[in-house]
> 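This is the structure I want to talk about, given as structure tokens.
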Amino acid sequence: MGTVKGDLHDIGKNLVCMMLEGAGFSVVDIGIDVEPQKFVEAAVESKAAVVGISALLTTTMTNMKAVVEAIKASDLSDKAKVMIGGAPVTQAFCDEIKADGYAPDAASAADLAKQLIGK
Ligand code: B12
């Protein structure tokens with residue numbers, strides 16, 4: 001889980017991390033203002049099943065597309081699912097940037113993560 005490049009908001013991300021941990025996931029929190037390549041490196045290193053991206057600004061949510069593309073271009077593409085969220089993010093935006101899932105809050109983020117890994 002990380003917050004996209006240019007974005008320093010982390011309260012929502014932290015709540016999502018907590019809910020994921022509560023649901024039994026082992027969470028690697030890579031912090032705020034994270035470059036796309038860092039998401040890929042952290043996902044490879046931790047053998048992530050799901051990569052979560054958070055953005056709170058309309059100006060930074062567009063950076064989510066670069067993360068999705070970097071993950072799809074890596075050899076993680078058929079392994080890690082990408083979920084996105086944050087106040088300005090919508091299902092339509094998720095579809096547009098071809099992320100695997102969107103959830104509006106931390107509780108549904110945990111449900112979404114389970115759904116993405118088929119549990
Ligand atoms: C707290 C806050 C800050 C704090 C952040 C502190 C921190 N450690 O996070 C500080 C003061 C640093 C800050 C700075 C700025 N902020 Co600010 N901030 C907020 C504020 C008040 C609350 C955001 C928040 O934490 N909400 C609570 C959390 C729980 O909600 P959430 O993040 O949406 O997360 C939930 C869901 O979205 C979802 N979720 C979140 N992430 C993910 C990820 C995944 C994968 C999934 C599935 C779900 C998910 O689950 C979460 C829990 O339910 C909002 C206004 C508001 N009322 O929302 C403005 C707001 C987001 N900020 C705004 C702005 C403009 C800024 C600044 C640019 C201000 C400035 N001129 O400097 C800077 C930007 C700095 C930067 N580069 O990031 C604007 C954004 C406008 C826009 N449309 O883009 C807002 C909306 C305020 C406003 N009305 O103008 N901000």
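Whatever order the structure lists them in is the order used to number ligands and atoms, beginning at 1.
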> Counting both backbone and side chain atoms, is some N or O of Leu8 under 3.5 Å from an N or O of ligand 1?
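Yes - when backbone and side-chain N and O of Leu8 are compared with those of ligand 1, one distance drops under 3.5 Å.
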> Report the nearest protein non-hydrogen atom to atom 39 (N) of ligand 1: residue, atom name, distance rounded to 0.1 Å.
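Result for atom 39 (N) of ligand 1: Gly86 N, 3.5 Å.
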> Does the protein put a heavy atom less than 4.0 Å from atom 11 (C) of ligand 1?
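When distances to the protein are checked, atom 11 (C) of ligand 1 has no heavy atom within 4.0 Å.
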> Identify, for atom 41 (N) of ligand 1, the protein heavy atom at the shortest distance, and state residue, atom and that distance.
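Nearest protein contact, heavy atoms only, for atom 41 (N) of ligand 1 is Ser54 OG, 2.7 Å.
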> Using protein heavy atoms only, decide if any is under 4.0 Å from atom 33 (O) of ligand 1.
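Looking at atom 33 (O) of ligand 1, one finds that a protein heavy atom does lie closer than 4.0 Å.
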> Apply the test side chain to side chain donor-acceptor pair (under 3.5 Å) to residues Ser108 and Asp111: give CA-CA distance (whole Å), side-chain angles for both, the deciding distance (0.1 Å), then the verdict.
CA-CA 5 Å; Ser108 43; Asp111 291 339; over 6 Å; no
> Looking only at heavy atoms of Pro88, does any of them come nearer than 4.0 Å to an atom of ligand 1?
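Judged by the 4.0 Å heavy-atom criterion, Pro88 does not count as contacting ligand 1.
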> Report yes if some N/O of Asp10 lies less than 3.5 Å from some N/O of ligand 1; otherwise report no.
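Such a contact does occur with ligand 1.
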> Can a non-hydrogen atom of Pro104 be found less than 4.0 Å from any atom of ligand 1?
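A heavy atom of Pro104 does come that close to ligand 1.
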> Asp7: heavy atom below 4.0 Å from ligand 1, yes or no?
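Yes.
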> Quick one: look up the protein heavy atom nearest atom 65 (C) of ligand 1 and list residue, atom name and how far away it is.
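Residue, atom and distance for the closest contact: Leu57 CD2, 3.9 Å.
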> Among all protein heavy atoms in this structure, tell me which lies nearest to atom 29 (C) of ligand 1, with the distance rounded to 0.1 Å.
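Going atom by atom, the protein heavy atom closest to atom 29 (C) of ligand 1 ends up being Leu15 CD1, 3.5 Å.
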> Checking a contact table here: which protein heavy atom is nearest atom 26 (N) of ligand 1, and how many Å away?
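Protein heavy atom at minimum distance: Leu56 CD1, 4.9 Å.
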> Counting only heavy atoms closer than 4.0 Å, does ligand 1 sit against the backbone of Val89, its side chain, both, or neither?
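The answer is neither; Val89 stays 4.0 Å or more away.
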> Tell me which part of Leu112 gets within contact of ligand 1: side chain, backbone, both or neither, using heavy atoms under 4.0 Å.
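It is neither; nothing of Leu112 touches ligand 1.
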> Tell me the protein heavy atom at minimum distance from atom 14 (C) of ligand 1, and give that distance in Å.
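Answer for atom 14 (C) of ligand 1: His9 NE2, 3.7 Å.
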> May I ask you to identify, for Thr58, whether its side chain, its backbone, both or neither come under 4.0 Å of ligand 1 on a heavy-atom basis?
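Within the 4.0 Å criterion, Thr58 contacts ligand 1 through backbone and side-chain atoms alike.
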> Note the single closest protein heavy atom to atom 35 (C) of ligand 1, along with its residue, its atom name and the distance in Å.
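Ranking protein heavy atoms by distance from atom 35 (C) of ligand 1, first comes Gly12 CA, 4.2 Å.
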> If you measure every N or O of Ile53 against every N or O of ligand 1, does any of those distances drop under 3.5 Å?
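No; every N/O pair is 3.5 Å or more apart.
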> To check your reading of the model: name the closest protein heavy atom to atom 42 (C) of ligand 1, its residue, and the distance in Å.
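Atom 42 (C) of ligand 1 sits closest to the protein heavy atom Gly85 C, 3.4 Å.
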> Does Gly6 reach ligand 1 with a nitrogen or oxygen that is under 3.5 Å from one of the ligand's nitrogen or oxygen atoms?
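The answer is yes, given that Gly6 and ligand 1 share an N or O pair closer than 3.5 Å.
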